[in-house]
Structure formats: structure tokens, C-alpha cells
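What follows is a set of notes on a single structure, which appears directly below.
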Amino acid sequence: MLSFQPPLCRSFLFLPSLQIAHFSDPHLPLVGLPALREIRFKRMLSLLSWQLKRRHVHLGAPLAAVMQDIGRHNPDLVALTGDLTNLGLASEFEAATRWLQAQDLPDTLLVPGNHDALIRENAESKSVQWAPWLQSQTGFPSLLKKGSVALIGLNSATPTPPFFASGRVSETQLDALGGLLRQTGEKGLCRIVLIHHPPVQGLVSKRKGLDGMERLQAILKREGAELVLHGHSHRATLSNIPHTHIPVVGTTSASHSATTPAQAAGWNCISVLAEANHWQISIQRRELGANGRMQDGFLHHFSPHRLSCTKAL
């Protein structure tokens, strides 16, 4: 049986590959304790977790090694999938803003994580500080286009009860997502979706999972996407949206020590090249070794069909 072959896409024949750095969950160090007006039960639980455990594994040296390694690779885009903070304090948002400015990153799309939305408190005044990286003047889904790539951001960070770290993508976002995937596909763009919570089962426990993920999966299955990136699990993983060939790629925390190799700090170096009828996409895992040096991890290649050969805007 003859298979349909899309027409030759000449507008991309001479474009170089575009490099994307994906990192997540830096959990920047606390800059101070909550003020009296900021004290909430869930926040105190998270503070206890930080004091007893997380401050001993989320360290400045691994994060510095990751960011220096990203800088050496000179990416064209950065995909940051949330959890810059630990308690969601206003002071943490301010410190994270200063940290982001100091990194001097290329064009960046940031989606928030559950720690960034730990409780319902001054969400708008805090998020406005991250506006240059959220790329979202009208809310989510957000969009950052460069060359032949469209980064599409979803916000799964929503306040939850104590002992829960689950997420949910709002119906408003999901209603808009299908059209955005369709439009960017028709423009010949490589569609890469960013979300904090993994949109597949089995990578985190139910209390940390993505509620209502079935509708998101159905939209991705119907409209297509070339890649989904997430954080939250603190693991470097490769999976797929069920019943599709859409890869789902997770990463460890960018600040985690190398004492536990499976969770050692790292990032994903993603290369996207437009060819006549396919995308050539590679994912090179970069991870912190026990010697404190960054090294190569897994390497994954895939070549999804291109949906359109119209010129990208």
C-alpha cells in the first residue's frame, strides 16, 4: 500500500538544528522564614520537609554545575518546568527573579510547579515578577516561537490540601490547547509542550499526580505534538502519551546532589532539525557524576512526521 508523503518543505532545507535546554525543579535555597502573615499549615509542613531533608540534597554546587554546563552548550531556547521555590513565599519569588536574571538565559519559557503555587496567596503579584519567562500576557497556554520550534506551556500548578502535591490543567487551558496545537502544526512548527506534572501514569504517586490527565492525553492524541517535557518526578524518564508515539520526557531536579545517582542533578539537551518530511529530534541527557562533573547519560533519537510544510512564522 502506498503511503501519503507530504510535499517537500523547501523553507526548512537550509535551517540549522535548534538547541533546547530543558531543566526543572531547581528548588532554590530559602532566603528567609515565612513572616507571621504567611504562616499556613501546609507551608509549615513543607518548611519541615526542607529543614529535615530537602536542604541537604538540593544544593548550590550541583545547580551551578548544571547551569554552567547549559551555558557551555549555548542553547537557542530554554524550557524550565517549574518549582523554583520551596514554600511559594513572596521573598522566594523575588530571589528566583534575581537568580533568573543572573543566569542570562536565551529565550526561555517557564511553567510553574506545585511548590510555586503551594497555597492561595497573592498569585498574581508574585507571578508578574516572572513575566519575562512565563511568556504569558493572556494566561495559559503560553507560547514561545523561535525558528521552526513552538514551545507551548501549560500551568498544572494549583493549590492543594496538606499532604497533596497533585496538579490539574484548567478546562480553559484545555479548551484553548487543541486550537493552538492545530495552528502551530499548520504553520509547520515543531510543537513541544511544557508541563510541570507528568501527563502519564506511573511516574509519581497518585497524591502527586496530574488529575484529569485523560482529557489532556485525548487532546494530544487528536491534535498531535512532537514532544512533551515535564518535571516534578525528580527522575530522568522516557515514556509516551498512551496510544501515540508522542514522547514524554522528564528530568531530575537541577539542584539534587549526586549521592543518589538516579536523582542526580541534570538536564536534557534537545536538538530539533527540520527535514523534508520529518523532524529529526535528539535528546542527550546530561547528568552530574559522583565526581562532581557533568557527563552524558542516555541518548534518544526519533523522527516524527511533519504535519505541514507551510512556512513557519
Side-chain angles (χ1 to χ4, degrees), residues 23-64 66-67 78 80-103 105 108-136 139-140 142 153-168 170 194-197 204 207-208 230-234 251-257 263 265:
F23 73 99
S24 193
D25 298 75
H27 289 288
L28 300 172
L30 283 178
V31 293
L33 296 176
L36 285 176
R37 66 180 182 280
E38 296 178 307
I39 292 177
R40 304 287 190 280
F41 179 58
K42 184 173 184 181
R43 186 166 273 160
M44 292 302 98
L45 290 175
S46 192
L47 177 60
L48 182 63
S49 173
W50 172 261
Q51 293 289 355
L52 295 179
K53 179 182 177 182
R54 287 190 285 117
R55 69 186 179 96
H56 301 293
V57 295
H58 293 289
L59 305 174
L63 180 57
V66 165
M67 300 312 296
V78 168
L80 175 49
T81 48
D83 273 0
L84 280 77
T85 72
N86 298 282
L87 311 181
L89 297 170
S91 59
E92 289 184 283
F93 272 74
E94 293 166 3
T97 300
R98 293 191 296 270
W99 182 83
L100 285 166
Q101 291 169 338
Q103 302 314 303
L105 298 171
T108 297
L109 184 62
L110 162 65
V111 295
N114 58 290
H115 281 267
D116 305 322
L118 199 68
I119 64 172
R120 300 184 187 278
E121 177 190 73
N122 303 325
E124 186 173 346
S125 63
K126 289 188 290 189
S127 62
V128 72
Q129 299 179 59
W130 293 356
W133 305 278
L134 290 171
Q135 309 281 351
S136 177
F140 291 91
S142 54
L154 294 174
N155 182 8
S156 63
T158 183
T160 55
F163 307 106
F164 283 82
S166 53
R168 177 176 287 275
S170 68
L194 279 61
I195 185 171
H196 181 67
H197 294 77
V204 294
R207 72 179 184 87
K208 296 182 178 181
H230 70 85
H232 191 50
S233 65
H234 292 199
T251 182
T252 57
S253 160
S255 63
H256 202 286
S257 72
Q263 294 179 287

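- Residues Leu109 and Val78 have side chains not in contact (no heavy-atom distance under 4.5 Å, counting atoms from C-beta outward).
- Under the side-chain hydrogen bond (donor to acceptor under 3.5 Å, both in side chains) criterion, Asn114 pairs with His196, His232, sequence neighbours left out.
- Here the closest non-hydrogen pair linking Pro112 and Ala157 is O-CB, 3.8 Å.
- The nearest pair of heavy atoms linking Ala165 to His197 is O-NE2, 3.0 Å.
- One distance of note links OG of Ser166 with CZ of Phe164; it measures 6.5 Å at 0.5 Å rounding.
- Remark: Thr97 pairs with Gln101, Gln129, Trp130, Trp133 by the side chain to side chain contact (heavy atoms under 4.5 Å, CB included) rule, at least two apart or across chains.
- In this structure, the separation between CG on Leu87 and CG on Leu33 is 8.5 Å, given to the nearest 0.5 Å.
- By the side-chain hydrogen bond (donor to acceptor under 3.5 Å, both in side chains) test, Arg40 is found to be paired with no residue, residues two or more places apart in sequence or in another chain being considered.
- Thr81 and Ser24 share a side-chain donor-acceptor pair at under 3.5 Å.
- Put simply, the side chain of Asn86 gets close to the backbone of Leu28: a donor and an acceptor are under 3.5 Å apart.
- Taking Ser91 as the reference, Val31, Leu89 meet the side chain to side chain contact (heavy atoms under 4.5 Å, CB included) condition, with sequence neighbours excluded.
- Paired with Leu80 under the rule side chain to side chain contact (heavy atoms under 4.5 Å, CB included), one option of Leu100, Leu134, Leu105, Leu194 passes, and it is Leu100.
- In this view, Ser127 satisfies the side-chain hydrogen bond (donor to acceptor under 3.5 Å, both in side chains) rule with no residue, not counting sequence neighbours.
- Annotation: the span from Thr160 atom OG1 to Ile119 atom CD1 amounts to 11.0 Å, rounded to 0.5 Å.
- Between Met67 and Phe23 there is a side-chain heavy-atom pair separated by less than 4.5 Å.
- A donor-acceptor pair under 3.5 Å is formed between the side chain of Gln103 and the backbone N or O of Trp99.
- Formation of a donor-acceptor pair under 3.5 Å by the Ser156 side chain with backbone atoms of Gly167 is not found in this model.
- Within the structure, the salt bridge (Lys or Arg N to Asp or Glu O under 4.0 Å) test picks out the following pairs touching residues 42-63 (sequence neighbours left out): Arg43-Glu121.
- Rounding to the nearest 0.5 angstrom, the gap separating the CG atom in Asp116 from the CG atom in Leu110 is 7.5 Å.
- Of the possible donor and acceptor atoms, one in the side chain of Glu92 sits under 3.5 Å from a partner among the backbone N and O of Gly88.
- In this structure, Asp25 contributes its side chain and Asp83 its backbone to no donor-acceptor pair below 3.5 Å.
- Every residue was checked against the side chain to side chain contact (heavy atoms under 4.5 Å, CB included) condition with Ala102, not counting sequence neighbours, and none meets it.
- Between the side chain of Gln135 and the backbone N or O of Thr108 there is at least one donor-acceptor pair closer than 3.5 Å.
- Under the ring-ring contact (aromatic ring centres under 6.0 Å, His included) criterion, no residue pair touches residues 29-50, with sequence neighbours excluded.
- For His58, the ring pair (Phe, Tyr, Trp, His ring centres under 6.0 Å) test picks out His27, His234, His256, with sequence neighbours left out.
- Listed by chain and residue number, Leu59, Ala265, Leu288 satisfy the side chain to side chain contact (heavy atoms under 4.5 Å, CB included) test with Pro62 (two or more places apart in sequence, or in another chain).
- Applying the ring pair (Phe, Tyr, Trp, His ring centres under 6.0 Å) rule to His230 yields no partners; only residues at least two apart in sequence or on another chain are considered.
- Summarising the geometry, atom CG belonging to Leu63 is positioned 12.5 Å from atom OG belonging to Ser257; distances are rounded to the nearest 0.5 Å.
- The two residues Val66 and Ala254 make their nearest non-hydrogen contact at CG2-O, 3.6 Å.
- Between the side chain of His115 and the backbone N or O of Gly82 there is no donor-acceptor pair closer than 3.5 Å.
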